[in-house]
Amino acid sequence: MKILVARSVEEWNRHAADIVQEAMQGAAEPVLGLATGNTPLGMYKELVRRHSAEGLDFSTTRTFNLDEYLGIAVEHPGSYHTYMKEQLFDHVNIDLSRTHLPKPNPESPEDEAARFSQLLEQYGPCDLQVLGIGTNGHIGFNEPGTSFSAKTAVVELAESTIQANAPVFGTDPESMPTHAITMGIAEIMTARKILLLANGASKADIMKLALQGPVTEDVPASVLQRHPNVVVLCDEAAASHLSKA
Ligand code: GLP
């Protein structure tokens with residue numbers, strides 16, 4: 001596992017975008033696993049900049065997002081569909097038919113999870129999977145206690161996740177979805193390379209536990225210690241509890 005600690009926001013964004021760009025340029029039809037949340041915002045901004053300023057080409061790239069809420073419309077401002085459109089898809093030359101997210105309002109959530117899993121099997125594995133981390137160690141929406149052998153599934157969000165993500169859904173906490181569809185840990189682990197992103201002091205404890213503590217299903221991100229090709233990109237605050245060795 002390689003751990004990079006960026007000294008500035010610009011350096012962090014550059015490193016993150018470099019790793020994504022390298023994966024895109026390393027395959028004729030690259031497959032990217034993408035994450036949402038606050039952490040990757042600067043990475044997407046830099047990728048969009050490279051597309052407009054340097055012609056970074058997305059036309060043959062296929063993407064799979066890690067997760068999506070259930071029980072909201074695709075166009076809901078808090079949906080990950082909206083996030084991806086606003087942060088990346090609307091600004092680059094990606095073919096939308098090659099972008100895959102679980103649907104937030106399917107007739108049968110279980111069937112939708114199975115459809116997504118099948119697509120991943122058909123087009124995967126991802127050349128690069130980008131991951132954020134929840135303060136409880138979740139990756140995607142795989143909350144503590146999720147089996148390492150899990151595939152894409154309908155999941156219930158942890159109370160701490162609901163609280164952390166509620167601001168996106170406005171002032172009414174009742175409007176925050178309680179369930180989601182998430183790519184499973186077993187599928188995340190099939191990626192050829194994984195880029196784990198973390199920023200800020202609120203992630204320092206969980207980064208220490210996930211990367212340097214025991215590998216346990218109680219800390220979903222700890223499974224990454226078993227992956228042969230992981231790059232971790234932190235700012236100084238998120239890395240502040242990690243031991244050097
Ligand atoms: C969210 C998402 C994850 C994300 C994580 C961290 O709930 N489902 O995919 O990586 O939590 O979010 P943030 O980057 O906003 O801290």
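Ligands are counted one by one from 1 in listed order, and the atoms in each one are counted from 1 as well. Values reported hereafter were calculated over all heavy atoms of this structure, with side chains retained and with hydrogens, waters and symmetry mates removed. Along the sequence shown, the residues carry numbers beginning at 1.
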Side chains of [X] and [Y]: donor-acceptor distance under 3.5 Å anywhere?
X    : Y    : value
H81  : E68  : yes
E217 : T146 : no
D205 : H241 : yes

I need the nearest protein heavy-atom contact for [atom]: residue, atom name and distance, please.
atom                    : value
atom 9 (O) of ligand 1  : D67 OD2, 3.4 Å
atom 16 (O) of ligand 1 : K203 NZ, 2.6 Å
atom 15 (O) of ligand 1 : N38 N, 2.8 Å
atom 10 (O) of ligand 1 : G132 CA, 3.2 Å
atom 12 (O) of ligand 1 : G37 CA, 4.1 Å
atom 7 (O) of ligand 1  : N165 ND2, 2.8 Å
atom 11 (O) of ligand 1 : H138 NE2, 2.9 Å
atom 3 (C) of ligand 1  : G140 O, 3.6 Å

Please table the atom pairs, donor to acceptor, closer than 3.5 Å between any side-chain atom in residues 15-25 and protein atoms at least two apart or in another chain.
{"unit_1": "D18", "atom_1": "OD1", "unit_2": "R50", "atom_2": "NH1", "d": "2.9"}
{"unit_1": "D18", "atom_1": "OD1", "unit_2": "R50", "atom_2": "NH2", "d": "2.9"}
{"unit_1": "Q21", "atom_1": "OE1", "unit_2": "R50", "atom_2": "NH1", "d": "2.8"}

Give yes or no for whether the N/O distance cutoff of 3.5 Å, strictly under, is met between T161 and ligand 1.
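N/O-N/O distance under 3.5 Å: no.
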Around Q118, counting heavy atoms of other residues, nucleotides and ligands shown, do more than 12 lie under 6.0 Å from its CD?
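Incorrect, the count does not exceed 12.
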Just which atoms of ligand 1 are under 4.0 Å from any heavy atom in F141?
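So the answer, numbered in order with elements, is 7 (O), 8 (N).
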Name of the residue among N165, I181, V154 meeting side-chain contact (heavy atoms from CB on, under 4.5 Å) with F141:
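With F141 as partner, side-chain contact (heavy atoms from CB on, under 4.5 Å) holds for just one option, N165.
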Hey, is Y80 touching ligand 1 through its side chain, its backbone, both or neither, going by heavy atoms under 4.0 Å?
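Under 4.0 Å from ligand 1, Y80 contributes side-chain atoms alone.
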Test salt bridge (charged side-chain N to carboxylate O under 4.0 Å, His left out) on E121 and K151 and set out the steps.
CA-CA 11 Å; E121 210 165 299; K151 293 212 173 176; 3.7 Å; yes
Out of I133, T39, T36, whose heavy atom sits nearest atom 14 (O) of ligand 1?
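Ranked by closest heavy atom to atom 14 (O) of ligand 1, first place is T39.
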So is A35 touching ligand 1 or not, going by heavy atoms under 4.0 Å?
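Contact absent.
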Please report, to 0.1 Å, the donor-acceptor pairs under 3.5 Å made by any side chain of residues 191-204, with sequence neighbours excluded.
{"unit_1": "R192", "atom_1": "NH1", "unit_2": "D127", "atom_2": "OD1", "d": "2.8"}
{"unit_1": "N199", "atom_1": "OD1", "unit_2": "W12", "atom_2": "NE1", "d": "3.1"}
{"unit_1": "K203", "atom_1": "NZ", "unit_2": "I133", "atom_2": "O", "d": "2.9"}

Assess the residue pair Y69 and H179 against the criterion (ring pair (Phe, Tyr, Trp, His ring centres under 6.0 Å)); give the C-alpha distance rounded to whole Å, side-chain angles, the decisive distance to 0.1 Å, and a yes or no.
CA-CA 6 Å; Y69 293 109; H179 289 75; over 10 Å; no
